[in-house]
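The next block holds one structure in the form of structure tokens; read it before the comments.
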Amino acid sequence: MIEHLLILGDLLDLFTSPSRLIAVLIEGLAKASLYVMIASGLTLIFGLMDVINFAHGAFTMYGAYMAGGLILAVGAAEMGFAMVVVVFLLVMLTIFLVLALVGTVMEVSLIRRLYEYPPIFQILLTFGIAITLEEFMRMFVEFQGINNGQYRFGWETPRLETVPTALRGATDIGLVRFENIHVLEILLGVVTIVAIWTFLNRTRYGLFVRAGVEDEEMAAALGINVKQTFTVVFAIGSGIAGAAGVILMWDPLWSVSVPLALAVLLPAFVIVIVGGLGSFKGTVVASLLVGMIDAFGTWAFQTGAITFTGIDDMMIFGILVVMLILQPRGLFGVEGQGDHG
Amino acid sequence: MSFLELEDVQTYYGQSHVLQGVDLEVDEGEVVALLGRNGVGKTTTIRSILQLTPPRSGDVRFRGESLVGKDTHEVAEAGIGWIPEGRRMFARLSVEENLRAAVPNATDVDEALGTAYDTFPILHERQGQRAGTLSGGQQQMLAIARGLIGDNDLLLIDEPSEGLAPQIVSDVGRALLSASQEVSILLVEQKLSLALDLADRFYVMDHGTIIDSGETDDVTAGDERLRRHLSA
Amino acid sequence: MSTDAARPDAADGGALAPWVGGYLRDHAIHIAVVAFFIVYPFLYDVLVGQFGLPAEMLLPRLQTMLVVLWLGLFAMSFDFVSGYTGYLSFGHAAFFGIGAYTVVLGANGQLPLLPGGLSFMTLMLVSALLAVVVAFLIGLVSFRLSGVYFAMITLGFAEIMYVASRNWDWLTPGQSDPSDGINTPAEFNPELGVPFVDPLQVETGVFGDDAILGINFGDLLVYNENLGAIVASYFAIGAVVLVCYLAMQRIIHSPFGRVMIAIRENEERAKAIGYDTFKFKLGAFMISAFFGAVAGALLVAYRGSVNPDAAFFFLVTGFALVAAIIGGLGTLAGPFFGYIFLEGIEEFLARGGSGGGLQPFLAEFLPGGILETTIGGDLTVSGALDAFMTGHGEFYAGIVFVIFVLYVPIGILGTLRLRLGTDSVATYVSRRLGGSTGTGGSGGGGDSGAGESATAAGSVTAEGGEEDDPREGGPAEGSEEDDPSEGGPAEGGK
């Protein structure tokens, strides 16, 4: 009874204290930004190609490792704040391009063979690729570990030490306290959304993509090279996955490790399904929803109202299940997509 | 050398042998009607020309060049447009975006849009509207405009009058008639009178082959020759 | 594996009633496979004893075969629902986990309503029934969905259980971290066997019995006497797996199973014929959950402990899927062989140190000069072997899997069936032996060649083209679904 009163007290505290509420909202936005970044590549690829890319998380993990390596290699740890951020953004661009290239190769050489087959075969193929890629990275990481000291950096520790001091810790503005890194995350999230939205709605290629999403045959009959569109979208989706890894590398909650692949993949699935398969708008809204619920869950855990440590993961999959029961198409899903095998 | 030429085209859906040797020709500037009951392979013939359902054997030639083995978008780039059964709008795209998607890469988009809007003023009025929210007749106009805006020399038109009110059908008929001034047309149409009005020649299909052909001037909608093949 | 039932029959077959002969013929391939599994430990023992490292390199260790037993059963239970109804049970690890955790918690006396000190067999049954109930509840909401959505909602349920198994303090009253797993108490001795028949009880586990029916396996093994307990566990667990397989195989070949296949081939048609497909799907899901949980319980029977990553983890399902594809989705036995193949490859390529696998062999037989040769930097050949092989079986498994998906999409058993032109290998073997009744229950012809083809044709129609390349339906399906208003495929049909 007393326990319940305490929870009620905390809740009251949250909603009667705007500064606490705003702090939780900012954290929610930051989490939502990360979710947008890890999920939108998956959405783009699924929306056009009906391919559920199980290697998506592996791409993010590769992005994170490569970013860590690059940033250490250029010695970012010793640079000033502005310089580090510039390097960071350049690294992000590089990783985007590298992973886009990887995605292109994968689409052209492997996935393209299976478009004619039921979707399960693309799931199987990308799953196999994911297993292989993840184990390959583990090999590499352990190998570096074996030769410790011979190389410039050890891979087995997260790359947190490269985070500039200005981005560590928290800042108080008035009564509101927020983590510095969250500002960068929210900015990147906004940039991601704007960039993808512009690509889809303001470019000729984006128009082709949207036409192809709706009716592949009709698009082809109008002279649109749908195959090439597939390749480009797969490349962009893979690139975004990799770029997301760059910011995850700096976020203390995620950081770099081989299991990051699965840790990214499963929430990304949830976001994509909750938002509605193939709907970019849905992905953005679902990211916000999940990010906010995640932030409030974390808050509840911090206040001691909930003592269960896995609360955020638990809630993410809880949202998935509840959404599929109540509204199987997700928030903005389209009838017919994802129904077949 | 014919404009469009199909020679012994054999097409399958999985195991089922749908086109069992189709031969037909369309000459430049000509309107040709493809007649037949439901399920005899008319739509499949069009899909085979577009390589959406590639023939297993036989040849499809356009201006003497074989289309077999090409991608559908290459067929489209060669100058063949498709106005499919059921219109197949990009329902969530606006009217204007539907048209833009059909403009070839080399063509000036704004100019092409201007021409289309001059021909179909109703589309201009509704340019910002989602195509899925248009009426059936308006969608058919958009589908025809989409076929014309693509700089095509041959249009494959499948059941343009299907599901439309009689008044609208005559609008569509007029639009097709004016289109036929510019391009060749292969027309699949259930409404025999409309088909015979528009076409110069006709083919009749049954069980995946051509069983009759001739000049439309030689027949009327009530002819025994056609009725035998077309009534169930 | 069926140590007790099949062997006496096999010996006296000729003297018994005619149906026994027919039955044995029908199951000839099963008997052969079972016989191989029975002989394997002794074969391994002799070959490794005689030929040493080369044999050890090539043959999967007994411990590996033991692991394959329950993982293979799990993969078969996954295939039972996913391969035969076409509904991908992506959260199937939930049932494996329920099986394993229920047994461990029961042994720890933590299950509400249940008295402590229950026998392993009872706990296994409880766990399987619990899994059936959970499958009923999950299926009730999940089978309203299909395709990706079904896969995702089942995954969601399994992940919730996974998170719970990692974080829920209640699982480990003794303060330890639940994510490290939980143990059965030291005094818990899992016994497998025929209920109420004392001589047929085998205590499983590394420190369990090494004899069944007074036959001491430690004595039978010439070179590896210390493996007696493992062999005893292998037979006991193998017998359970065999019984489960036969039960599932029976169901597949029953009218119920034919409806499952009909649902996979064309659910709308199955509905139109008048089947309440929802009930059949739910039933199949519950049955597969039962056997999935038994597999999980068998893990505990040997290991005596369980942890979240070995039970509820997504990759537990993932590798069952991999095994199912390699062995052949929708072939039931295929996934079991798929697991042997998978584990065999992992062991061959990735096991370092002592024991089987390629690397110890190379380390022994390659001249030291080659091993110490540097490849680049200060990396030696031996160092490279160590870095790129030891413990990285998943890398090779992944590559093999990708190759299978691209080039052998119907798997080993599926390809075999296609080659033999029959609905199942068992039917084929039976026919070759002159039998007239296929296990598929299709109408029998005579024993002539004409009869054979009649049986084959009969089973093909009965099984709804089970051996077809599953990808064949792809293109036609695609064009059908792209736009319902477009009349192409429908036209073709008439």
Side-chain angles (χ1 to χ4, degrees), chain A residues 43-44 46-49 108 112-113 115-118 197-233 275-283 329-337 340-341, chain B residues 14 43 46-47 49-54 67 70-94 96-109 112 130-132 139 142-143 145-152 154-158:
Chain A
T43 298
L44 281 182
F46 184 86
L48 179 65
M49 305 156 76
V108 172
R112 183 169 284 185
R113 296 156 176 259
Y115 285 133
E116 305 275 281
Y117 306 152
W197 188 87
T198 308
F199 166 72
L200 285 176
N201 293 292
R202 288 284 175 270
T203 67
R204 189 157 164 78
Y205 219 84
L207 176 64
F208 290 170
V209 171
R210 285 185 297 140
V213 166
E214 287 210 29
D215 190 336
E216 220 175 279
E217 283 190 345
M218 192 64 228
L222 292 180
I224 296 171
N225 187 344
V226 180
K227 252 191 209 165
Q228 193 194 62
T229 319
F230 279 16
T231 311
V232 169
V233 164
L277 279 168
S279 162
F280 179 62
K281 181 168 73 174
T283 297
R329 302 269 168 274
L331 297 170
F332 297 96
V334 180
E335 193 75 26
Q337 208 150 34
H340 33 62
Chain B
T43 296
I46 287 185
R47 293 178 60 86
I49 298 169
L50 287 163
Q51 304 303 311
L52 285 169
T53 310
L67 299 178
K70 290 196 171 184
D71 281 342
T72 299
H73 76 95
E74 292 171 320
V75 175
E77 280 160 9
I80 298 181
W82 183 34
I83 300 175
E85 189 180 16
R87 273 77 81 173
R88 294 178 79 158
M89 298 292 95
F90 302 121
R92 280 176 288 160
L93 269 54
S94 70
E96 187 183 315
E97 285 171 332
N98 265 276
L99 290 171
R100 275 174 183 275
V103 177
N105 287 326
T107 313
D108 183 279
V109 176
R130 281 187 171 206
Q139 286 193 9
L142 178 52
R146 214 165 52 170
L148 289 174
I149 207 172
D151 261 350
N152 294 308
L154 171 67
L155 287 181
L156 309 175
I157 306 180
D158 200 351

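Computed from a predicted structure; not experimentally measured. Per chain, numbering begins at 1; letters A, B, ... match sequence-line order.
For E97(B), the salt bridge (Lys or Arg N to Asp or Glu O under 4.0 Å) partners are R210(A), not counting sequence neighbours.
Proximity to chain A is limited to the backbone of I80(B), based on heavy atoms less than 4.5 angstrom apart. Interface remark: P84(B) contributes side-chain atoms only to the contact with chain A (heavy atom separation under 4.5 Å). Using a 4.5 Å cut-off between heavy atoms, N152(B) makes no contact with chain A at all. If you measure heavy-atom distances from A78(B) to chain A, you find no contacts under 4.5 Å at all.
Here the side chains of L44(A) and L200(A) are in contact, with some heavy-atom distance below 4.5 Å. Residues R100(B) and L93(B) have side chains not in contact (no heavy-atom distance under 4.5 Å, counting atoms from C-beta outward). Taking 4.5 Å as the limit, every side-chain heavy atom of I46(B) sits out of range of all side-chain heavy atoms of E85(B). No side-chain heavy atom of T107(B) sits less than 4.5 Å from a side-chain heavy atom of I149(B).
Note on L50(B), N98(B), L52(B): by heavy-atom pairs under 4.5 Å with chain A, the leading option is L52(B). Interface check for chain A: of the options V103(B), V75(B), L156(B), the most heavy-atom pairs under 4.5 Å are formed by V103(B).
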